Each structure stands twice: as C-alpha cells, then as structure tokens.
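So the structure is just underneath, and the comments pick up after that.
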Amino acid sequence: LTLSASPAPGGGGVSALVGSLAASLSGMVASLSLNNKSCEAFREDMQELQRKADKIRLELLGAVQKDADSFTGYIAALKLPKNTEKEITERSEALQNELKKATLSPMETAEMIFEVFPLAETAIAKGSASAKTDALLSAVLARSAVLGSIMNVKINLLSIKDPDFVSTYRNKAVMLENSSVEYEKKL
C-alpha cells in the first residue's frame with residue numbers, strides 16, 4: 001500500500017485502513033457471538049453491530065483512496081507555474097484550496113473512525129467472552145487511527161492562512177483527539 005516513492009497513499013490512507021480493521025474486528029466479534037448460545041439474549045444487538053461495522057468498514061476502505069486523491073490535488077497545485085504575479089496569486093489560492101481539501105479528508109476519516117468506539121463498547125459488553133480481546137483491540141486500533149488522521153489535520157492547518165478555518169478545525173481536532181483517548185481508556 002505505501003512501500004513506494006509516492007507520498008500517497010500515506011499516513012492518512014493507512015489511518016483509514018487501520019480504522020477499517022478496527023470496525024472489522026468489532027464486526028467479527030458480533031459474527032462470532034451470533035453463533036454463541038451464551039450471547040443469545042443479545043442477538044439483535046449483535047446483528048445491528050454487524051451491520052454498522054460492515055458499513056463503517058466499507059466507508060473507511062473508500063477513504064483510503066479519497067485521502068490519496070486529496071493529497072494529489074495539493075501536489076498538483078505545487079506544480080503550478082509561478083512566473084508572473086498573476087500565476088503566483090493563482091498558485092497561492094489553489095494551494096490554499098487544496099490544503100483545505102487535504103485537511104477535510106482526514107477530519108472526515110477521523111470522525112468515521114470514531115464511530116467504531118460504540119461498536120467496540122457493545123462488542124466488549126455483550127459479545128462472546130472468548131472474543132473480548134478482539135473487541136478491545138478494535139478500540140485500541142480505532143484510537144490509533146483517529147490520532148493518525150488528526151496528525152494530518154494538524155500538520156495541514158499549519159500552512160492554511162484562513163484563521164476561521166484553522167480555528168474551527170483545530171478545535172474539532174483537539175476535541176476528537178481527546179475524546180478518542182478518553183473513550184479507549186473507558187473501555
């Protein structure tokens with residue numbers, strides 16, 4: 001996936017992939033629990049968990065390419081000509097626009113990954129006891145993936161000149177980062 005000289009897919013795509021794996025683990029616990037008589041009382045919960053986990057898994061797999069595409073747009077803007085004042089201005093505007101896109105992509109990915117925590121919580125509380133470590137790992141991977149996505153958001157914000165955009169997404173990033181760490185600790 002990333003063992004190449006190309007910068008994309010990179011950390012953002014890997015974060016999305018790890019988030020997908022986190023969702024998959026919670027879904028796996030649900031699937032195992034559906035075949036476990038001791039979990040019969042939670043059958044509907046496990047079926048719902050399975051559906052949600054699969055939906056998030058697929059969305060995050062799609063986010064791998066979306067993140068690569070957003071970064072590719074920024075790289076293309078870097079290659080724009082800068083010989084005249086007009087070209088310099090157009091290039092600067094394009095860079096800012098592409099940086100915003102490259103910030104929104106990992107933020108959306110982090111928000112999707114965060115949705116894994118309630119799934120892991122259900123899997124831990126109601127799933128098969130023999131798969132509890134898989135449910136716990138789901139939460140650990142979700143935290144790591146959220147933090148990876150947030151790192152991309154924060155690094156991109158350093159180059160964005162729109163103070164309102166920077167403030168809004170810095171606050172969202174910090175809140176999501178803190179919430180992820182706390183959610184994992186709770187589990």
Side-chain angles (χ1 to χ4, degrees), residues 1-25 52-119 138-184:
L1 180 65
T2 61
L3 186 61
S4 72
S6 173
V14 169
S15 293
L17 181 60
V18 170
S20 178
L21 293 172
S24 295
L25 276 173
K52 288 180 179 177
D54 194 46
K55 179 180 181 288
I56 293 168
R57 176 188 69 86
L58 292 172
E59 288 174 356
L60 288 168
L61 285 175
V64 173
Q65 187 60 50
K66 184 178 178 186
D67 185 79
D69 292 344
S70 72
F71 188 73
T72 303
Y74 174 71
I75 296 298
L78 279 173
K79 296 177 181 177
L80 291 173
K82 52 184 176 179
N83 300 315
T84 67
E85 286 300 317
K86 182 181 178 197
E87 287 177 343
I88 291 170
T89 300
E90 288 172 352
R91 179 179 180 270
S92 178
E93 289 172 4
L95 284 170
Q96 288 298 301
N97 288 332
E98 293 302 326
L99 270 171
K100 286 180 180 179
K101 289 178 191 174
T103 301
L104 293 175
S105 179
M107 178 60 77
E108 291 168 5
T109 298
E111 291 169 343
M112 274 191 278
I113 297 165
F114 190 82
E115 294 177 27
V116 172
F117 287 110
L119 304 182
S138 174
V140 170
L141 291 175
R143 185 219 5 109
S144 296
V146 168
L147 297 182
S149 290
I150 294 301
M151 282 192 282
N152 283 336
V153 169
K154 288 180 174 180
I155 197 73
N156 290 341
L157 289 175
L158 293 174
S159 299
I160 296 174
K161 296 176 182 173
D162 177 344
D164 292 333
F165 184 93
V166 170
S167 176
T168 297
Y169 287 97
R170 181 175 290 127
N171 291 338
K172 278 182 153 186
V174 168
M175 187 175 71
L176 198 52
E177 180 178 33
N178 292 338
S179 295
S180 295
V181 170
E182 289 305 312
Y183 214 139
E184 182 204 24

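Here the structure is a predicted model, which means the values were calculated and not measured. Below, each value reflects all heavy atoms present in this structure, side chains not excepted, and no hydrogens, waters or symmetry copies.
The CD1 atom of Ile160 sits 11.0 Å away from atom CG of Leu95, with the distance rounded to the nearest 0.5 Å. The line from CE of Met112 to OG of Ser15 is 11.5 Å long, rounded to the nearest 0.5 Å. The structure places OG of Ser180 at 4.5 Å from CZ of Phe117, a figure rounded to the nearest 0.5 Å. Rounding to the nearest 0.5 angstrom, the gap separating the NZ atom in Lys161 from the CD atom in Glu93 is 10.5 Å. Rounding to the nearest 0.5 Å gives a distance of 7.5 Å between OG of Ser20 and CG of Leu58. Residue Glu177 holds its CD atom at 11.5 Å from OG of Ser149, rounded to the nearest 0.5 Å.
Checking side-chain atoms of Asn156 against main-chain N and O of Asn152 turns up a donor-acceptor pair under 3.5 Å. Using a distance-only test at 3.5 Å, with no hydrogens or angles considered, a donor-acceptor pair links the side chain of Thr72 to the main chain of Ala68. Panel note: side chain Ser92, backbone Ile88; no donor-acceptor pair is recorded below 3.5 Å. Judged by distance alone, the side chain of Ser138 and the main-chain N or O of Ala23 form no donor-acceptor pair under 3.5 Å.
Lys79 meets the salt bridge (Lys or Arg N to Asp or Glu O under 4.0 Å) test with no other residue; sequence neighbours excluded. When the side-chain hydrogen bond (donor to acceptor under 3.5 Å, both in side chains) test is applied to Asp162, the partners found at least two apart in sequence or on another chain are Lys100. Under the salt bridge (Lys or Arg N to Asp or Glu O under 4.0 Å) criterion, Glu115 pairs with no residue at all, not counting sequence neighbours. In this view, Arg91 satisfies the salt bridge (Lys or Arg N to Asp or Glu O under 4.0 Å) rule with no residue, not counting sequence neighbours. When the salt bridge (Lys or Arg N to Asp or Glu O under 4.0 Å) test is applied to Lys82, no partner is found at least two apart in sequence or on another chain.
Annotation for Ile113 and Val146: closest pair CG2-CG2, 3.5 Å, computed over non-hydrogen atoms. Nearest heavy-atom pair, Val64 versus Gly13, reported as atom, atom and distance to 0.1 Å: CG2-O, 3.4 Å. Nearest heavy-atom pair, Leu141 versus Ala22, reported as atom, atom and distance to 0.1 Å: CB-CB, 3.8 Å.
Summarising the local packing, CG of Leu80 is surrounded by more than 12 heavy atoms from other residues, nucleotides or ligands at distances under 6.0 Å.
Residues Met107 and Leu176 meet the side-chain proximity criterion, which asks for heavy atoms closer than 4.5 Å. With contacts defined as side-chain heavy-atom distances shorter than 4.5 Å, the pair Ile150/Lys154 qualifies. Tyr74 is not listed as a side-chain neighbour of Lys101, based on a closest heavy-atom distance of 4.5 Å or more. Using a 4.5 Å cut-off on side-chain heavy atoms (C-beta onward), Leu61 and Leu17 make contact. Counting heavy atoms from C-beta on, the side chains of Ser70 and Leu104 never come closer than 4.5 Å.
Using a 4.0 Å cut-off between charged side-chain N and carboxylate O, Asp54 and Arg57 make a salt bridge.
Screening residues 151-182 for ring pair (Phe, Tyr, Trp, His ring centres under 6.0 Å) gives Phe165-Tyr169 as the qualifying pairs, with residues at least two apart or on separate chains.
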Exercise for the section: Go through Asn178 and Glu182 one step at a time and tell me if the side-chain hydrogen bond (donor to acceptor under 3.5 Å, both in side chains) criterion holds. Expected result: CA-CA 6 Å; Asn178 292 338; Glu182 289 305 312; over 6 Å; no
